[in-house]
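Encoded as structure tokens, the structure appears first; notes follow it.
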Amino acid sequence: MADFDHDVIVAGGGPTGVTLAALLAQQGLSVLVVEKEQTIYPLPRAAHVDHETMRVFQDIGVADRIMATSRSASGYEFRNAKGTVLLRFETPAAMGEGGWPTANMVHQPSIEEALRSRLAQLPLATLQVSTALVRWQETDDAVVATLADAERERAVRARFLIGADGARSPVRKAAGIGFDDLGFEEPWLVVDALVHDPSRLPTTNLQICDPARPTTCVLMGNGRHRWEFMIKPGESPEDISSDAAIARLLEPWQVDGAVTLERKAVYTFRARVAQRWRKGRVLLAGDAAHQTPPFAGQGLCAGIRDAANLAWKLTAVVRDGARDSVLDAYQLEREPHVRATIKMAISMGRTVCITNRRAALARDWGFRIARALGKLPDGPPDYPPIGGGLILAGEPAAGAYFPQVCVNAGAIARSDDGLGPGAWLIARHPASADVPGVQIVALDDPCLAPFRAPVERWLVEHGVDAVLVRPDRYIFAGGDANQLAARWQQALGTA
């Protein structure tokens, strides 16, 4: 450590960057987060997080605080101009596999406040606001970053630099990394409102597939609601975002007096994926690596998944002596998932964004026919498992997501809290393996006592004696405990 000021520098103090920093600091890495703004952006942006994202927030100790300001919608509906429901996804009341509600409507500033409060409690993490990453250069064993605040410039030496600095990422641009454009680009007006009379607002998230004006209407965190209006050709962002224009757009919703305008902004919804997520000692995460239209509610979730995936790999390399090439698996594992969720969002967006009346009529008839034939989906497509990278491909459950067990005995107990952070090797019987960075847990271990029956049932259903669960809760493989331990060390290069 004498040769480095920090193990990792994270450029960008948004949810992805701070989550990554907290995960790293909890595992013993020294992390510096640099953020050019002085304070958290105070107005809403992201609207939704899923059960996997909440599980990561649980890992760093902020899930309950975030849930306290979130809401659940009763469903997600696509309606045509006449109000006919074309497609409806029910919002499950039960817990998702991550051990938290499947869909949670949130207030992003509250999330960021919770994350930064947690980061301030971690001795190995430092957040420097009003600080810009001016430039950086890479040496054989380090990244030397020049940072500037209002008073001075200084050089900071770290093992790795992470660009979690948003869609316009200076880190990505300086690294010379281009984008794959996935062919979706639409300008929309976003209107956020404070709610005074919730009885006058929908309780379902809505996509209004009206060719005259495609519109989104969704719940946000407690006390807030959002509308999004597609900007049509010939309309200027300035005109459409005037208070008078917004009043006209909201008039059909009959919410005058029930809400107060909090924020208005024009965004261009894009679908893009960075061509490289790693260049030497520099890696990208969150919007710096990929951007998605908002229709599937996966923008923030994708960044938090990046953080969970990248954090354990950086920890393995820096703390546990894993081979450097472990970091190459980051993009290999995450990019297919990102592209699948973006594809889903584009499909939803193209359903909504039809402005030709004949094409809209054909779309509506297509949904009617699909409904009559029983061909409509009953929910969004399942997210794909990890298909390559640091898993034992072809072995039982390799690449699948390991569920968190919840037990309600007056208060909800979650198995992750009993097992703790890091990787787990869960076995029917005590295993003789000793693997750095992996907790070896037998079914009769007291930490599994409340959860033993569901975990044992999972092992039986998959026909394995043990399972090795990575720190991001995706499965390395199921099989024999000692063989899994050996193959894990081989995969990381720590054997």
Which of Ile60, Val31, Leu124 passes side chain to side chain contact (heavy atoms under 4.5 Å, CB included) with Gln26? It is Ile60
When Leu161, Val10, Val156 are each screened for side chain to side chain contact (heavy atoms under 4.5 Å, CB included) with Leu133, the one that passes is Leu161
In short, salt bridge (charged side-chain N to carboxylate O under 4.0 Å, His left out) pairs touching residues 144-154 with sequence neighbours left out are Arg135-Glu153
Return the minimal non-hydrogen interatomic distance between [X] and [Y], and the atom names on each side.
X      : Y      : answer
Gln121 : Pro123 : O-CD, 3.4 Å
Pro454 : Val405 : CG-CG1, 3.7 Å
Pro396 : Val464 : CB-CG1, 3.6 Å
Leu119 : Ala22  : CD1-N, 3.7 Å
Arg323 : Ala491 : NH1-O, 2.9 Å
Ile412 : Cys406 : CG2-CB, 4.2 Å

Distance, nearest 0.5 Å, that separates [atom1] of [X] from [atom2] of [Y]:
X      : Y      : atom1 : atom2 : result
Trp100 : Ser70  : CH2   : OG    : 9.0 Å
Gln298 : His290 : CD    : NE2   : 10.5 Å
Glu52  : Ile304 : CD    : CD1   : 12.0 Å
Leu484 : Gln489 : CG    : CD    : 11.5 Å
Leu32  : Asp7   : CG    : CG    : 11.5 Å
Ile111 : Ile40  : CD1   : CD1   : 11.0 Å

Counting neighbours of CZ on Arg319 that are heavy atoms of other residues, nucleotides or ligands and sit closer than 6.0 Å, is the number greater than 12? yes
Notebook entry, point to check: Got a sec: does the NZ of Lys264 have more than 12 other heavy atoms crowding it under 6.0 Å?
Noted result: yes
Can you tell me if [X] uses its side chain to pair, donor with acceptor, with the backbone of [Y] under 3.5 Å?
X      : Y      : answer
Arg172 : Arg276 : no
Arg159 : Val318 : no
Asp320 : Thr494 : no
Ser325 : Asp328 : no
Gln404 : Gly98  : yes
Asn222 : Ala68  : yes
Thr315 : Ala311 : yes
Gln275 : Phe179 : yes
Arg71  : Met220 : yes
Thr131 : Val129 : yes

Charged N to carboxylate O under 4.0 angstrom, [X] versus [Y]?
X      : Y      : result
Arg470 : Asp472 : yes
Asp141 : Arg157 : yes
Asp181 : Arg272 : no
Arg270 : Asp287 : no
Arg278 : Asp324 : yes

Residue pairs passing the ring-ring contact (aromatic ring centres under 6.0 Å, His included) test with at least one member in residues 297-347, sequence neighbours excluded, are Trp277-Tyr330, Trp312-Trp488, His337-Tyr383
Short side-chain donor-acceptor distance under 3.5 Å, Asn205 and His48:
no
inquiry  = Can you see whether His51 engages Thr102 through a side-chain donor-acceptor pair at a distance of less than 3.5 angstrom?
reply    = no
- Query: How far apart are the C-alpha atoms of Asp416 and Gln58, what are their side-chain angles, what is the distance that settles it, and do they pass the side chain to side chain donor-acceptor pair (under 3.5 Å) test?
  - Reply: CA-CA 8 Å; Asp416 287 13; Gln58 176 191 349; 4.7 Å; no
Next item on the list: Determine, step by step, whether Leu448 and Leu419 satisfy the side chain to side chain contact (heavy atoms under 4.5 Å, CB included) criterion, reporting the C-alpha distance in whole Å, the side-chain angles of both residues, the deciding distance to 0.1 Å, and the verdict.
Entry: CA-CA 7 Å; Leu448 272 181; Leu419 287 163; 4.1 Å; yes
Answer whether the closest heavy-atom distance between the side chains of [X] and [Y] falls below 4.5 Å.
X      : Y      : value
Phe160 : Val143 : no
Gln27  : Pro471 : no
Met105 : Ser72  : no
Ile440 : Asp434 : no
Pro377 : Leu87  : yes
Phe57  : Met67  : no
Pro293 : Glu186 : no
Glu113 : Arg65  : yes

For the pair Arg473 and Trp424, evaluate side chain to side chain contact (heavy atoms under 4.5 Å, CB included) and give the outcome as yes or no after the intermediate values. CA-CA 9 Å; Arg473 306 308 162 223; Trp424 313 320; 3.3 Å; yes
>> Test side chain to side chain contact (heavy atoms under 4.5 Å, CB included) on Thr216 and Arg226; report intermediate values, then the result.
In response: CA-CA 8 Å; Thr216 300; Arg226 170 174 289 174; over 6 Å; no
Notebook entry, point to check: Going through the checks in order, is the side chain to side chain contact (heavy atoms under 4.5 Å, CB included) test met by Ser415 and Val455?
Noted result: CA-CA 9 Å; Ser415 56; Val455 173; 5.6 Å; no
In terms of ring plane angle, is the pair Trp458 and His462 parallel, tilted or perpendicular, where the classes change at 30° and 60°? parallel
### Ring-face cation contact, Trp136 with Arg281, 6.0 Å cut, 45° max
no
Open item on the list: Is there a salt bridge (Lys or Arg N to Asp or Glu O under 4.0 Å) between Arg305 and Asp50? Walk through the geometry before answering.
Closed with: CA-CA 11 Å; Arg305 285 185 174 92; Asp50 61 18; 2.8 Å; yes
Only residue of Trp227, Phe229, Phe269 satisfying ring pair (Phe, Tyr, Trp, His ring centres under 6.0 Å) with Trp188 is Phe269
